[in-house]
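To keep things clear, I will list the structure first and then write my remarks on it.
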Number of protein chains: 2
Amino acid sequence: MYTIGQISEMFQIPASTLRYYDREGLFPEMERTGGIRRFGEREVEALRVIECLKASGLEIRDIKQFMAWCVEGPSTYGLRRQLFETRKKAVEEELRQLNKTLDMLNFKCWYYDTAIADGSEDKLNAMLPDKLPPKMQKLYDSCHSKE
Amino acid sequence: MYTIGQISEMFQIPASTLRYYDREGLFPEMERTGGIRRFGEREVEALRVIECLKASGLEIRDIKQFMAWCVEGPSTYGLRRQLFETRKKAVEEELRQLNKTLDMLNFKCWYYDTAIADGSEDKLNAMLPDKLPPKMQKLYDSCHSKE
DNA sequence: CTAAAACTTAAAGTTAACTTTAAGTCAAGC
DNA sequence: GCTTGACTTAAAGTTAACTTTAAGTTTTAG
């Protein structure tokens, strides 16, 4: 069993944030001795799940719902499974979006490398809509196609 | 040239958000006729860059700085290049993190599939620290190694 | 037994990125 | 010329996720 200070150290999360999570119902079965929180294996695993669900873009209130399902027992396995499936879809979509962002950043890096080499953006602007080097044309098109 | 309503439609961004961006200095050279904003090609491209930099995790105040550099001219090519390089690093790191998150989500999907098939988590908990199927062991380890 | 460190609470404060409101101005069609 | 829809502003409001504060309690070390 750990104190809030030990968990704070272990996960590099401020104790105030852990208390906030507790207040929000993210550790529904946490024990206490003399008013002081005792984090057990259950809470440590909960915190790993919290970090995962947060990273997937889920809000605190929905993480609370998940934790409530865990307390409810086997009857909520389906709901929990469905939640993780939905989060997977969201993360996969976010990965696609981030890869597009990376394409644009790579294009911009090349763009400024070229502008620096040329001393101005004039040459670049002359080739701009569709006379770029093939490698760059792909990146450019993927960022400038239909909004 | 476009009105704010046309750009709002085009990018699916509320007009109030576009006005907010303008107030924050994200369109430093935008023209007006009779008080009304006219978005030209410069602003359309700026908006694409804004969306890219935002998606990379950059804050509005720093996007404003970038736009100011663009107005300053060729002397800031180096700074702009550096910004995109830094953003690339940040996005690459975010991609790594998101892939780890995806690993955990995949593990949890398998976990609940198994729990549903078994009717309880008992079998699962018995194999839990290190007796999982090899495929799952990898995912599990990557989410439970040292905090 | 006592002092200090670590814990507790409720309530107020912070921050970023918008969003809404209220009151008014501009532009297009009839 | 007038109505209507789209635009304008400044200022206040919203939301999520914390963070800080102030006052007090519990645990630990000597």
Side-chain angles (χ1 to χ4, degrees), chain A residues 1-40 43-44 46-68 87 90 94 97 101, chain B residues 1-40 43-44 46-68 87 90 94 97 101:
Chain A
M1 295 285 252
Y2 307 98
T3 66
I4 202 169
Q6 291 169 321
I7 294 288
S8 167
E9 175 78 2
M10 200 182 274
F11 281 83
Q12 290 292 294
I13 294 174
S16 65
T17 302
L18 296 171
R19 291 198 189 95
Y20 163 69
Y21 287 169
D22 188 24
R23 248 191 339 271
E24 294 299 308
L26 267 43
F27 304 113
E29 304 192 288
M30 187 152 53
E31 291 168 30
R32 293 191 181 218
T33 62
I36 286 167
R37 294 175 182 82
R38 316 310 310 276
F39 290 74
E43 281 71 33
V44 169
L47 206 37
R48 279 193 281 255
V49 174
I50 289 165
E51 299 222 292
C52 170
L53 291 175
K54 253 173 60 75
S56 84
L58 202 67
E59 295 181 10
I60 300 292
R61 76 161 71 83
D62 296 317
I63 300 178
K64 172 187 179 162
Q65 173 66 267
F66 171 79
M67 294 304 171
R87 288 297 90 204
E94 176 70 3
Q97 167 57 44
T101 298
Chain B
M1 296 286 251
Y2 308 98
T3 65
I4 202 168
Q6 291 168 321
I7 295 287
S8 167
E9 175 79 3
M10 200 182 274
F11 281 83
Q12 290 292 294
I13 294 174
S16 64
T17 302
L18 296 171
R19 290 197 191 94
Y20 164 69
Y21 287 169
D22 188 24
R23 244 188 347 268
E24 294 299 307
L26 268 41
F27 303 112
E29 304 192 288
M30 188 154 52
E31 292 170 30
R32 295 194 179 216
T33 62
I36 286 167
R37 293 175 183 83
R38 315 310 309 276
F39 289 74
E43 282 71 35
V44 170
L47 206 37
R48 279 193 281 254
V49 174
I50 288 166
E51 299 223 291
C52 170
L53 290 176
K54 254 174 58 76
S56 85
L58 202 66
E59 295 181 10
I60 301 292
R61 77 160 70 82
D62 296 316
I63 300 177
K64 171 186 180 163
Q65 174 65 267
F66 171 79
M67 294 303 171
R87 289 296 89 206
E94 176 70 4
Q97 167 58 44
T101 298

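A, B, ... follow the sequence lines: proteins, then strands. Residue 1 opens every chain.
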Review point. Mind checking what makes ring-ring contact (aromatic ring centres under 6.0 Å, His included) contact with F27(A), not counting sequence neighbours?
Key: F39(A)

Review point. Quick one: does L53(B)'s side chain get under 4.5 Å of D62(B)'s, heavy atoms only?
Key: no

Exercise for review: Could you tell me whether S16(B) contacts a base, only the sugar-phosphate backbone, or nothing, with contacts defined as non-hydrogen atoms closer than 4.0 Å?
Suggested key: base

Point to revise | Per R32(A) side chain, nearest of listed nucleotides dT20(D), dT9(C), dT19(C) | key: dT9(C)

Practice item. Let me know the distance between CD of E24(B) and P of dT19(C), rounded to the nearest Å. Key: 13 Å

Point to revise | Pairwise side-chain contact, F66(B) with L58(B), heavy-atom cut-off 4.5 Å (strictly under) | key: no

Shorter than 3.5 Å, N or O on both sides, protein versus nucleotides 3-7 of chain C: list them out with atom names.
unit_1: dC7(C); atom_1: OP1; unit_2: T3(A); atom_2: OG1; d: 3.0
unit_1: dC7(C); atom_1: OP1; unit_2: G5(A); atom_2: N; d: 2.9

Review point. For S8(B), which contact category applies under a 4.0 Å heavy-atom criterion: base, sugar-phosphate, or nothing?
Key: nothing

Point to revise | Any I50(A) side-chain heavy atom under 4.5 Å of K54(A) side chain | key: yes

Contacts under 3.5 Å, N or O only, protein and nucleotides 13-17 of chain D:
unit_1: dA16(D); atom_1: OP1; unit_2: R61(A); atom_2: NH2; d: 2.2
unit_1: dA17(D); atom_1: OP2; unit_2: I60(A); atom_2: N; d: 3.4

Exercise for review: Using whole Å, report how far CZ of R23(A) lies from P of dT8(C).
Suggested key: 11 Å

Check your understanding: Whole Å only: how far is the CD atom of E9(B) from the C1' atom of dA6(D)?
Key -> 14 Å

Practice item. List in chain and number order the residues that pass salt bridge (charged side-chain N to carboxylate O under 4.0 Å, His left out) with E29(B), two or more places apart in sequence or in another chain; answer none if no residue qualifies. Key: R42(B)

Point to revise | Integer-rounded Å distance: dC18(C) P and L18(B) CG | key: 10 Å

Check your understanding: Do I60(B) and K64(B) come within less than 4.5 Å of each other through their side chains, counting heavy atoms only?
Key -> no

**Study point:** Earlier contact from the 5' end, DNA chain D, for P14(A) and R38(B)
**Key:** R38(B)

Check your understanding: Is there side-chain contact between V44(A) and I7(A), with at least one heavy-atom pair below 4.5 Å?
Key -> yes

Review point. In chain order, what residues pass the salt bridge (charged side-chain N to carboxylate O under 4.0 Å, His left out) check against E24(B), with sequence neighbours excluded?
Key: none

Point to revise | Interatomic distance where CG belongs to D22(A) and C1' belongs to dC18(D) [whole Å] | key: 15 Å

Exercise for review: Mind checking salt bridge (charged side-chain N to carboxylate O under 4.0 Å, His left out) for D22(A) and listing every partner two or more places apart, or none if nothing turns up?
Suggested key: R32(A), R37(A)

